[in-house]
Amino acid sequence: QVQLVESGGGLVQAGGSLRLSCAAASGRAFSSYAMGWFRQAPGKEREFVAAIRWSGSNTYYADSVKGRFTISRDNAKNAVYLQMNSLKPEDTAVYSCARDRYPRSDWSGNYYSSEMSYAFWGQGTQVTVSS
């Protein structure tokens with residue numbers, strides 16, 4: 001069983017920055033799996049934020065965060081990060097990380113933005129951006 005634990009959320013003013021972390025507490029071959037970040041605001045569907053391939057060679061972003069957020073990974077630490085800059089009130093949500101169903105996947109960007117592509121999810125961390 002893979003356990004994913006997010007941290008780094010909090011309250012920040014608009015224009016500020018936060019760095020979210022997601023650590024895989026168990027599970028082998030973390031480096032073989034793509035990782036994604038999703039978010040869910042109150043009363044809204046969960047939506048894709050960013051993803052990074054297992055190799056780290058490609059990253060994908062939702063249009064709403066492109067240019068402001070950066071996803072990265074450190075396979076030596078079994079961790080993936082989401083650097084969030086220029087935060088806006090509409091970024092307020094619970095942010096969750098997720099692990100790909102399949103190792104070494106090699107698909108188009110649409111695959112990595114779909115919730116169905118991920119088999120394991122963390123509990124999430126709250127990000128609140130005040131205006």
Hey, could you give me the [atom1]/[atom2] distance between [X] and [Y], rounded to the nearest 0.5 Å?
X: Glu90; Y: Ser131; atom1: CD; atom2: OG; result: 10.0 Å
X: Ser31; Y: Arg104; atom1: OG; atom2: CZ; result: 7.0 Å
X: Trp54; Y: Tyr33; atom1: CH2; atom2: OH; result: 12.0 Å
X: Cys22; Y: Asn78; atom1: SG; atom2: CG; result: 10.0 Å

Query raised in the report: Which pairs count as ring pair (Phe, Tyr, Trp, His ring centres under 6.0 Å) when at least one residue sits in residues 56-104, sequence neighbours excluded?
Result: Tyr60-Tyr112

Report task. Could you pull out all residues at least two apart from Ser55 that satisfy side-chain hydrogen bond (donor to acceptor under 3.5 Å, both in side chains)? Result -> Ser57

Report summary line: Across all chains, not counting sequence neighbours, the side-chain hydrogen bond (donor to acceptor under 3.5 Å, both in side chains) partners of Arg73 are Asn75

Locate the shortest heavy-atom distance separating [X] from [Y]; write the atom from each residue and the value.
X: Tyr118; Y: Gly36; value: CE2-N, 3.6 Å
X: Ser17; Y: Ser86; value: OG-N, 4.3 Å
X: Phe38; Y: Ser113; value: CE2-O, 3.8 Å

Are [X] and [Y] linked, directly or through other ILVMFWY residues, by side chains that come within less than 4.5 angstrom of each other?
X: Ile52; Y: Leu4; value: yes
X: Leu82; Y: Phe30; value: yes
X: Val2; Y: Met35; value: yes
X: Leu87; Y: Ile71; value: yes
X: Val65; Y: Val80; value: yes

Could you tell me whether the side chain of [Y] reaches within less than 4.5 Å of the side chain of [X], counting heavy atoms only?
X: Arg39; Y: Val127; result: no
X: Thr92; Y: Gln126; result: yes
X: Met84; Y: Trp37; result: no
X: Phe120; Y: Gln1; result: yes

Query raised in the report: Quick check: does any side chain N or O of Glu6 sit under 3.5 Å from a backbone N or O of Gly124, one acting as donor and the other as acceptor?
Result: yes

**Report entry** Test item: Ser114 side-chain N/O and Tyr111 main-chain N/O as donor-acceptor pair under 3.5 Å
**Finding:** no

Query raised in the report: In this structure, are over 12 heavy atoms from other groups packed under 6.0 Å from Lys44 atom NZ?
Result: no

Query raised in the report: Taking everything shown except Arg101 itself, do over 12 heavy atoms lie less than 6.0 Å from its CZ?
Result: yes

Query raised in the report: Should the pair Arg53-Asp106 be classified as a salt bridge under the 4.0 Å nitrogen-to-oxygen rule?
Result: yes

Query - Lys88/Asp91 ion pair, N-O < 4.0 Å - result: no

